[in-house]
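Here is the structure we will look at, set down as structure tokens.
Counting from 1, the numbers follow the sequence of the chain as shown.
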Amino acid sequence: MRESFKRYVAIGDSFTEGVGDPDPGRPNGVRGWADRVAEVLATADPDFGYANLAIRGRKLAGILDEQLDRAVALEPDLVTVYAGANDLLRPSVDVDALMAAYDDAIGRLAATGATVLVWTAFGARRSAFWKPMRGRFAYYNELVREIADEHGARIVDYWRMGEYDDWGYWDVDRLHMATPGHELMAVKVLDLLGVAHSLPQPVPLTRPELTARELRAANWEWTRQHLGPWVRRRLTGRSSGDGLDPRYPALTPLPPTAEV
């Protein structure tokens, strides 16, 4: 098991970009779990470099078209990939075709000799909204597992992380992890890699207990503020990532923070 890395490249969508974990002083105004992982890895090597090519809203084809070649060119020894979630949320998707492209990409990354981490989809066990899609998520997960086995990639098993059933790990949009969720994911990734760290176990945000009437009002407000705009972007072919550049397009030396 490898314990140190010199060149870490993260590719994907909002999950990897860091949406839900605001930090106005960083590119695109977010931090995220990948930054936190990179900050820990930087403590082991003064020449460590980190690139984060992820952009919110990207579907798998966009991630592969825009990020895969750039990632390979950076000659990483660690690559993290979470892609396809935005495709799964569409009303119609050919999961087999989607994952054939994903398979090719993971094979190409693995062929570089880098350690490759992939994710299963989140289980969403307590979400009435996501419940109808859980069968699609589960099928996606089985294909992820097959692809990881074939190419020697390692799996960050989001599907089995029961901690995320607590809404205190989620942002108010119910789509992205909040800061504690990103903190927890960083711990999960570092532990999977066998990298020593001193990151604390995060405490989920406190969410108030709502009466049935309050819950209906909260659901309506969520639909108005978050679900409605998301649906409109889908219908008009727009993306929350339009006009954004990758946060760290080249290998960047990140100084370690006090918490690592």
Closest heavy-atom pair and its distance - Asn52, Thr16: ND2-O, 3.1 Å
N-O pairing of Lys6 and Asp77 below 4.0 Å: no
Examine distances only and state if a side-chain atom of Arg58 and a backbone atom of Gly12 form a donor-acceptor pair shorter than 3.5 Å. no
Do you know which two heavy atoms are closest between Ala110 and His151, and how far apart they sit? CB-O, 3.5 Å
Does Trp159 offer a backbone N or O that forms a donor-acceptor pair with the side chain of Thr120 under 3.5 Å? yes
Ala54 and Ile11: which non-hydrogen atoms are nearest, and at how many Å? CB-C, 4.2 Å
For the pair Asp166 (side chain) and Gly168 (backbone), establish whether a donor and an acceptor sit closer than 3.5 Å, ignoring hydrogens and angles. yes
Salt bridge present between Asp69 and Arg108 (N-O < 4.0 angstrom): yes
Treating Ile, Leu, Val, Met, Phe, Trp and Tyr as nodes and any side-chain heavy-atom pair under 4.5 angstrom as an edge, say whether Val195 and Trp33 lie in one connected cluster. yes
Check against side-chain contact (heavy atoms from CB on, under 4.5 Å), Leu117 and Leu192: CA-CA 9 Å; Leu117 266 58; Leu192 178 65; 4.2 Å; yes
One pair to check against salt bridge (charged side-chain N to carboxylate O under 4.0 Å, His left out): Asp157 and Arg145. What are the steps and the verdict? CA-CA 9 Å; Asp157 207 343; Arg145 296 181 198 281; 3.0 Å; yes
So, does Arg70 use its side chain to make a donor-acceptor pair with the main chain of Leu53 at under 3.5 Å? no
Give me the ring orientation class for Trp170 and Phe122: parallel if the planes are under 30° apart, tilted from 30 to 60°, perpendicular past 60°. tilted
Do Trp119 side-chain atoms and Thr80 backbone N/O form a donor-acceptor pair below 3.5 Å? no
Short side-chain to backbone donor-acceptor contact, Asp23 and Arg31, under 3.5 Å: no
May I ask you to test the Asp21-Glu183 pair for a side-chain heavy-atom distance under 4.5 Å? no
Mind telling me whether Tyr169 and Tyr164 have parallel, tilted or perpendicular rings, with 30° and 60° as the class edges? tilted
Hydrophobic cluster membership, Ile55 vs Val30, 4.5 Å side-chain cutoff: no
What I want to find out is whether Glu39 reaches Arg36 closely enough, with some N-O distance under 4.0 Å, to be called a salt bridge. no
